[in-house]
Amino acid sequence: MTMLNEAEIKEQLQKIKGWEYNDGALETTFEFKNFKETFSIMTRIAFECEAQNHHPEWCNVYNTLTIRLSTHDAKGVTSKDFKLAQSIEEIIDSE
Ligand code: H2B
């Protein structure tokens, strides 16, 4: 899996709203109604991460969820991160 350069990342980011490139990873923050809703969405996302064998760095505080995606094996952002970001958007949109 080859790492994308900054220009490629910026270009791909046009297609996925709400995400930015920050400190070597794709990053976004979501806000939900409460902790229960947040954690149930995290569970759904977790199953998809397992299916893709690609895992986020994430941080949950009550009803906020910050997600950072990078490919540790490639030490940068790859198409795997964009694929997972897209899947996360679909999970959240389907709520
Ligand atoms: N997740 C992320 N974000 N980056 C990786 O490089 C990665 C992963 N590698 N999940 C996978 C698992 C690898 O460690 C296993 C052994 O397949």
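As the structure lists them, so they are numbered: ligands from 1, and atoms in each ligand from 1. Below, each value reflects all heavy atoms present in this structure, side chains not excepted, and no hydrogens, waters or symmetry copies.
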Report task. Find the distance between CD1 (Ile88) and CD1 (Ile45) and round it off to the nearest 0.5 Å. Result ->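 So the CD1 of Ile88 and the CD1 of Ile45 are separated by 5.0 Å.
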Query raised in the report: Within a strict 4.5 Å, meaning less than it, do heavy atoms of the Trp19 and Leu13 side chains meet?
Result: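 Counting from C-beta outward, Trp19 and Leu13 do come under 4.5 Å.
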Query raised in the report: Between Asp81 and ligand 1, is there a nitrogen or oxygen pair with a distance under 3.5 Å?
Result: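 It does not: no N or O of Asp81 is found under 3.5 Å from an N or O of ligand 1.
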Requested in this report: Flag atom 16 (C) of ligand 1 as yes if some protein heavy-atom distance to it falls below 4.0 Å, otherwise no.
Outcome: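 No; the ligand atom in question lacks any protein heavy-atom contact below 4.0 Å.
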Starting from [atom], which protein heavy atom do you reach first, and at what distance in Å?
{"atom": "atom 1 (N) of ligand 1", "value": "His55 N, 3.0 Å"}
{"atom": "atom 5 (C) of ligand 1", "value": "His72 N, 3.5 Å"}
{"atom": "atom 6 (O) of ligand 1", "value": "Asp73 N, 2.9 Å"}

Query - Contact partition for Pro56 relative to ligand 1, non-hydrogen atoms under 4.0 Å - result: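 Neither; nothing of Pro56 gets under 4.0 Å from ligand 1.
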Query raised in the report: Quick one: which ligand 1 atoms are inside 4.0 Å of a heavy atom on Thr71?
Result: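 Those qualifying, in numeric order: 4 (N), 6 (O).
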Query raised in the report: Between the side chains of Gln52 and Glu48, does any donor sit under 3.5 Å from an acceptor?
Result: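 Indeed, the side chains of Gln52 and Glu48 share at least one donor-acceptor pair under 3.5 Å.
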Query raised in the report: Does a donor on one side chain and an acceptor on the other come within less than 3.5 Å for Thr66 and Glu27?
Result: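 No, Glu27 and Thr66 have no side-chain donor paired with an acceptor closer than 3.5 Å.
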Report task. Begin with the C-alpha distance, continue with both residues' side-chain angles, and end with the deciding distance and a verdict on salt bridge (charged side-chain N to carboxylate O under 4.0 Å, His left out) for Glu6 and Lys10. Result -> CA-CA 6 Å; Glu6 207 159 326; Lys10 293 267 149 69; 3.2 Å; yes
